[in-house]
Amino acid sequence: MAIELTATGRSIPSRRVTNDELAKRLDTTDEWIRSHTGIGSRHLIDDKTACSDLALGAAWDALGQAVEQGLVQEPSAEALAETLDVIVLGTSSPDYFGAPASACIVQHKLGAPHCCAMDISAGCSGFLYGLETASGLLAVAEGRKRALVIGADVLSLFIDWQDRSTCVLFGDGAAAALLEKTGAPGKGPEKRGIIRTILGADGSGEEHLLMRRGGSRNPYHAGERIDLPPHYEMKGQAVYTFAVKTMIELIEQLLAEEGISLDAVKRIVPHQANARIIQAAGKRLNIPEEKFFMNINEYANTSAASIPIALDEMNRNGLLRRGDVIMLIAFGAGLTYGGSLLVW
Ligand code: UT7
């Protein structure tokens, strides 16, 4: 048995905001943002769009791609949606904090009647946590065969647009991957699909990236005046240090545990938080920059959506060939981290 990623899809807001546009209303410059982060623009939602809307768009796109490319027997995306057994949505900006899960809204709108659906709160590692959760759910029950894993975030709604050290970093977006339990080997030289995953957390970094208000630690009280909407606060340098260290350790650990060299890995797809993080980790490990797939210049940090957007972009551009070994590396609020090796 193997758990294979078959189709991918995405939903990116059409409104593209360049660094120069931000600099018109914020004390920043295109030069600062590019040189400190590698970001050139971001895509932002309009005020009618919520997390589940983007997630739904990405889901339909992935299902449509699966049908169009003849990867499934179902004749339409709608028919394919009916066969889903699991929907997992990684997000830190759900439609509703608490309940219901945005994944349930997606499940209903897709018309997936026999399906469990849940959100995963693992910051920017949400897609990798989602992949492992969905894989486990498929593996444990014989009757479960198909899952949709989505990463969707609309952090533009939850950042302080006056805080220049945070707001320039984030963009909105969603992307999805269809996971199938197949008869291909999960072990041995011919193994396919997700072959190894490491997940971890370090809650001592709770304060490094958090939304302080609104939860049970700091609930709102009746009559209280709220100056700023709920928003994420970040200790940028602490996250930066964690991210570089974590990337290095994950890459080394995945290669060592799998018993392969870096040459066996076609591309590394890291969370797109800051090009400098990726470059610093690459330099430490002597990995050429071309080995890393990067699209942060266009989309900025889309949180849980960044890895699946990158995967979808590679897929669309013919950069993923059957049999390629791909490494995914994530880190984020929590603090959380994760790495996966998969055979495309
Ligand atoms: O998904 C995970 C999410 N988060 C991350 O991955 C973030 C990780 N951290 C980072 O990427 C970097 O720490 C940042 C990009 C956030 C900041 O870069 P930095 O090189 O660590 O800058 P800094 O915080 O040390 O600030 C240097 C200077 C400060 O000015 P002073 O105090 O030296 O005068 C900041 O006020 O840069 C200033 N600054 C800016 N200047 C222009 C901070 N943000 C901006 C800005 N434009 N947007």
Side-chain angles (χ1 to χ4, degrees), residues 17-42 90-93 120-130 151-156 158-175 200-203 205-212 231-248 250 269-283 292 294-297 299-310 328-339:
V17 178
T18 62
N19 294 339
D20 281 331
E21 283 171 82
L22 281 191
K24 285 182 194 152
R25 51 186 154 99
L26 194 69
D27 182 14
T28 191
T29 60
D30 176 57
E31 196 283 320
W32 191 97
I33 300 171
R34 278 184 197 276
S35 61
H36 284 73
T37 69
I39 294 168
S41 61
R42 68 284 299 141
T91 185
S92 303
S93 46
I120 290 211
S121 170
C124 304
S125 311
F127 182 73
L128 282 201
Y129 269 61
D153 264 310
V154 289
L155 290 188
S156 69
F158 302 104
I159 46 184
D160 174 1
W161 282 99
Q162 301 303 315
D163 176 3
R164 66 178 182 172
S165 64
T166 305
C167 72
V168 300
L169 303 177
F170 294 102
D172 301 328
D202 177 7
E206 167 188 356
E207 293 269 333
H208 292 354
L209 182 45
L210 87 168
M211 194 185 297
R212 201 171 290 282
H231 61 280
Y232 281 99
E233 296 167 35
M234 185 178 70
K235 293 181 182 153
Q237 284 179 359
V239 178
Y240 186 97
T241 306
F242 166 79
V244 174
K245 178 173 167 287
T246 302
M247 269 196 73
I248 292 168
L250 282 169
V269 185
H271 168 46
Q272 312 281 312
N274 183 332
R276 281 174 56 207
I277 293 174
I278 299 166
Q279 286 152 355
K283 201 167 168 199
F292 295 97
M294 280 203 255
N295 60 5
I296 188 169
N297 175 46
Y299 303 111
N301 178 350
T302 54
S303 190
S306 91
I307 289 178
I309 289 174
L328 313 179
I329 299 287
F331 49 85
L335 297 168
T336 58
Y337 55 89

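Counting convention: from 1, in listed order, for ligands and their atoms alike. Everything numeric here is computed off the predicted structure, so don't read it as measured data.
Residues of the protein with a heavy atom under 4.0 Å from ligand 1 are D27, T28, W32, H36, T37, C124, R164, S165, V168, L169, L209, M234, G236, Q237, V239, Y240, H271, A273, N274, R276, I277, N301, listed by chain and number.
For R34, the salt bridge (Lys or Arg N to Asp or Glu O under 4.0 Å) partners at least two apart in sequence or on another chain are D30. Qualifying ring pair (Phe, Tyr, Trp, His ring centres under 6.0 Å) partners for F158, counting only residues two or more places apart in sequence or in other chains: F97. In this structure, the ring pair (Phe, Tyr, Trp, His ring centres under 6.0 Å) partners of W32, at least two apart in sequence or on a different chain, are H36.
To the nearest 0.5 Å, atom CD of residue E233 and atom NE2 of residue H231 are 4.5 Å apart.
For Y240 (side chain) and N274 (main-chain N/O), no donor-acceptor pair under 3.5 Å exists by modelled atom type.
A side-chain donor-acceptor contact under 3.5 Å links R42 and N19.
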